[in-house]
Amino acid sequence: MAATPFELAGRRVFVAGHRGMVGSALVRRLSGERCQVLVAPRAELDLLDRHAVDAWFDRARPDAVFLAAAKVGGILANSSYPYEFIHENLAIALNVIDAAHRFGVAKLLFLGSSCIYPKLAPQPITEESLLTGPLEPTNEPYAIAKIAGLKLVESLRRGHGSDFISVMPTNLYGPGDNYDPEASHVVAALIRRFHEAKLRNDPQVVVWGTGTPRREFLHVDDLADASVHLMKVYSGACALNIGTGEDVTIAEFARQVAATVGYRGRIVFDAEKPDGTPRKLLDVSKLAALGWRARIALPEGLRLAYASFRAEHPEIGRAPAVRA
Ligand code: GFB
């Protein structure tokens with residue numbers, strides 16, 4: 001794994017998906033890099049429209065691209081809208097990666113996801129597990145789109161010598177998360193649910209599934225830091241895992257969220273709801289060998305996430321206004 005230094009200072013750096021949780025964390029992190037950060041509001045640039053993407057790249061001429069734009073959602077959203085998840089993620093990956101190639105971008109970092117690994121991959125999951133077994137059915141369309149993105153990057157590197165790289169983040173959380181109960185991932189879902197239950201003095205909170213699946217959670221500011229680090233030091237065909245190297249059961253995680261929020265009632269599990277993949281702990285030894293490790297431990301990360309949830313959504317949990 002050769003390390004080819006790539007300077008960000010003085011470059012024009014496009015963050016695709018800057019309004020999302022990952023993209024906004026990248027914009028925050030890049031503000032300390034002495035580069036010019038380029039963003040494109042959705043009203044100006046629809047990443048699903050190939051011609052619009054081409055025209056934007058022709059005009060803006062970025063030197064580097066972080067491809068953080070994606071249609072994302074939790075286990076329920078993924079299983080309810082499979083076409084939207086595969087179609088939008090394929091289109092975004094194809095349009096942006098291809099435009100970056102044709103308009104001379106020097107370096108691109110594509111964000112995949114840990115759900116691209118086989119459902120029953122040996123744990124912790126090494127990068128070599130990719131495409132060695134069947135995927136988790138609840139998010140297979142999304143995972144296939146992300147694998148296609150990875151293969152676009154890998155093929156450009158092999159066939160055209162492009163210095164494009166991919167990374168595979170584990171489950172993420174932090175500022176800018178989506179708190180919609182139907183579409184959210186588990187961290188945002190439980191922060192909101194325990195918060196509302198505390199305000200209403202509910203005797204119990206329902207957590208989906210059996211509570212036995214294990215998940216690894218990475219604060220999005222750590223992901224942004226790792227991505228910027230890899231953009232600078234990594235240049236290889238292998239899509240690198242980004243995680244903390246530690247996981248918890250959903251039951252234990254729910255107790256931690258309850259403690260963070262200050263909810264003292266009971267926690268019950270609804271086994272009718274899907275568990276998803278039993279475990280997806282990433283092996284982060286390649287990342288560690290490149291000099292990066294996560295800094296925000298889960299208890300601290302949850303405290304930060306609860307604070308940002310309250311700051312971003314003061315309306316959630318308040319009683320609706322009574323009309324006179
Ligand atoms: O975060 P989550 O939706 O994503 O669910 P996945 C993680 C685990 O938390 C599952 C449980 O076992 C859920 O059953 N869970 C418990 C809940 N309560 C809740 C709740 O209220 N809401 C949610 N959402 N989950 C996603 C993929 O899988 O992982 C995406 O669907 C993406 O494609 C993402 O890759 C990283 O970890 O199961």
Side-chain angles (χ1 to χ4, degrees), residues 20-22 68 70-86 88-90 111-121 123 125 130 135-150 167-174 177-197 204-220 223 239 241-244 247-258 261 263 267-282 298 302 305 309:
M21 177 171 72
V22 172
K71 179 169 182 63
V72 297
I75 194 164
L76 185 64
N78 263 273
S79 17
S80 310
Y81 304 102
Y83 179 71
E84 286 71 12
F85 275 82
I86 189 166
E88 290 189 27
N89 288 304
L90 277 175
L111 283 129
S113 163
S114 62
C115 70
I116 66 167
Y117 287 120
K119 177 183 172 95
L120 300 176
Q123 308 284 320
I125 310 174
L130 186 64
L135 299 164
E136 156 61 33
T138 53
N139 57 35
E140 191 188 79
Y142 173 78
I144 299 259
K146 285 291 182 181
I147 292 172
L150 239 61
V167 298
M168 231 94 78
T170 191
N171 287 39
L172 302 169
Y173 69 98
D177 211 340
N178 174 4
Y179 293 92
D180 176 324
E182 300 293 307
S184 55
H185 291 94
V186 65
V187 181
L190 294 192
I191 286 177
R192 177 177 183 157
R193 201 169 305 143
F194 281 109
H195 175 73
E196 290 179 323
Q204 67 175 43
V205 161
V206 178
V207 171
W208 295 357
T210 58
T212 58
R214 301 185 69 92
R215 291 292 184 274
E216 175 187 15
F217 297 110
L218 180 72
H219 192 280
V220 72
L223 171 74
N241 289 342
I242 303 182
T244 63
D247 63 359
V248 288
T249 64
I250 293 299
E252 169 53 22
F253 177 69
R255 283 190 285 275
Q256 290 195 31
V257 178
V261 169
Y263 173 76
I267 300 174
V268 296
F269 294 91
D270 175 4
E272 297 296 308
K273 289 279 195 313
D275 268 343
T277 196
R279 192 176 189 197
K280 47 177 171 178
L281 175 64
L282 294 181
L298 189 54
L302 277 181
F309 161 72

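Start at 1 and go down the list; that is how both ligands and their atoms are numbered.
Classified by interplanar angle (parallel below 30°, tilted 30° to 60°, perpendicular above 60°), the ring pair Tyr142/Phe85 is perpendicular. Note on ring orientation: taking the six-membered ring where Trp is involved, the planes of Phe309 and Tyr179 are tilted (angle from 30° to 60°).
Considering Asn78, Asn171, Leu172 only, the shortest heavy-atom separation from atom 36 (C) of ligand 1 involves Asn171. Checking Val72, Val186, Leu218 against atom 25 (N) of ligand 1, the nearest heavy atom belongs to Val186. Within the set Gly276, Pro274, Pro213, the minimum heavy-atom distance to atom 13 (C) of ligand 1 is found for Pro274. With Glu136, His185, Lys71, Arg215 as candidates, the residue nearest to atom 37 (O) of ligand 1 on a non-hydrogen basis is Arg215.
In terms of protein heavy-atom proximity, atom 8 (C) of ligand 1 is closest to Ile250 CD1, 3.6 Å. Remark: minimum distance from atom 18 (N) of ligand 1 to any protein heavy atom is reached at Trp208 N, 3.0 Å. For atom 27 (C) of ligand 1, the closest heavy atom belonging to the protein is Asn139 ND2, 3.2 Å.
Ser79 contributes atom OG, which lies 12.0 Å from atom CD of Glu140 (distance to the nearest 0.5 angstrom).
In this structure a side-chain-to-backbone donor-acceptor pair under 3.5 Å is missing from Lys119 to Pro278. Looking only at distances, no side-chain donor or acceptor of Glu216 sits under 3.5 Å from a matching main-chain atom of Gly243. Although no hydrogens or angles enter the test, the distance criterion places a donor-acceptor pair under 3.5 Å between the side chain of Asp275 and the main chain of Thr210. Checking side-chain atoms of Asn78 against main-chain N and O of Gly73 turns up a donor-acceptor pair under 3.5 Å.
Of the N or O atoms in Ile75, one or more lie within a sub-3.5 Å distance of an N or O in ligand 1. Taking distance alone, with nitrogen or oxygen atoms compared against 3.5 Å, Cys115 stays at or beyond that limit from ligand 1. At least one N/O-N/O distance between Lys280 and ligand 1 falls below 3.5 Å.
Using a 4.5 Å heavy-atom cutoff, the side chains of Ile250 and Arg215 are in contact. Using a 4.5 Å heavy-atom threshold, the side chains of Thr170 and Lys280 count as separate. No side-chain heavy atom of Leu172 sits less than 4.5 Å from a side-chain heavy atom of Val72. By the 4.5 Å heavy-atom criterion applied to side chains, Val257 and Ile191 are counted as neighbours.
Only side-chain heavy atoms of Tyr142 come within less than 4.0 Å of ligand 1; its backbone N, CA, C and O stay farther off.
Under a 4.0 Å criterion applied to the non-hydrogen atoms of Ser184, ligand 1 contributes the atoms 24 (N). Each of the atoms 10 (C), 12 (O), 14 (O) of ligand 1 lies under 4.0 Å from some heavy atom of Asp275. Listed by number with element, the atoms of ligand 1 under 4.0 Å from a non-hydrogen atom of Gly74 are 3 (O), 31 (O). Atoms of ligand 1 found under 4.0 Å from any heavy atom of Gly73 (numbered from 1 in listed order, with element): 30 (C), 31 (O). Below 4.0 Å from some heavy atom of Ala189 lie the following atoms of ligand 1, by number and element: 20 (C), 21 (O), 22 (N). Atoms of ligand 1 lying under 4.0 Å from any heavy atom of Ser113, numbered from 1 in the order shown and given with element: 35 (O).
At least one heavy atom of Arg193 sits less than 4.0 Å from an atom of ligand 1.
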